[in-house]
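Input: a single structure, listed below in structure tokens.
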Amino acid sequence: MATPITCTIREACKASGLGETKLYEAIKNKELSRIKVGRRTLVRYDQLKAWLESKAA
């Protein structure tokens with residue numbers, strides 16, 4: 001089975017431990033990019049990980 005490359009905001013919250021507001025704020029501030037597919041907002045796992053690592057530095 002292939003590893004997914006994107007996740008929903010809700011899945012990103014579970015993976016990162018952050019709330020939806022914080023993730024949408026990062027998207028609004030262009031710190032994190034999003035992909036819109038219909039009504040769904042997706043985030044790439046690799047970008048989420050890179051964004052979180054940049055916050056740790």
Tell me every residue that passes salt bridge (Lys or Arg N to Asp or Glu O under 4.0 Å) with E20, counting only those two or more places apart in sequence or in another chain. none
What pairs of donor and acceptor atoms, side-chain ones from residues 5-15 against any protein atom, are under 3.5 angstrom apart with sequence neighbours left out?
{"unit_1": "T8", "atom_1": "OG1", "unit_2": "E11", "atom_2": "N", "d": "3.1"}
{"unit_1": "T8", "atom_1": "OG1", "unit_2": "E11", "atom_2": "OE1", "d": "3.4"}
{"unit_1": "E11", "atom_1": "OE1", "unit_2": "T8", "atom_2": "N", "d": "2.9"}

Under 4.5 Å between side-chain heavy atoms, hopping through other hydrophobics if needed: is there a path connecting L52 to I27? yes
Under the salt bridge (Lys or Arg N to Asp or Glu O under 4.0 Å) rule, what pairs show up with a residue in residues 30-40, not counting sequence neighbours? E31-K55
SB check K28 E25 (cutoff 4.0 Å): no
To the nearest 0.5 Å, what is the distance between OG on S16 and CG on L48? 5.5 Å
Is there side-chain contact between L32 and V43, with heavy atoms separated by less than 4.5 Å? yes
Members sharing L42's hydrophobic cluster (side chains within less than 4.5 Å): I35, V37
Partners meeting side chain to side chain donor-acceptor pair (under 3.5 Å) with N29 (sequence neighbours left out): none
Where do W51 and A26 come nearest, in terms of heavy atoms and distance? CZ2-CB, 3.4 Å
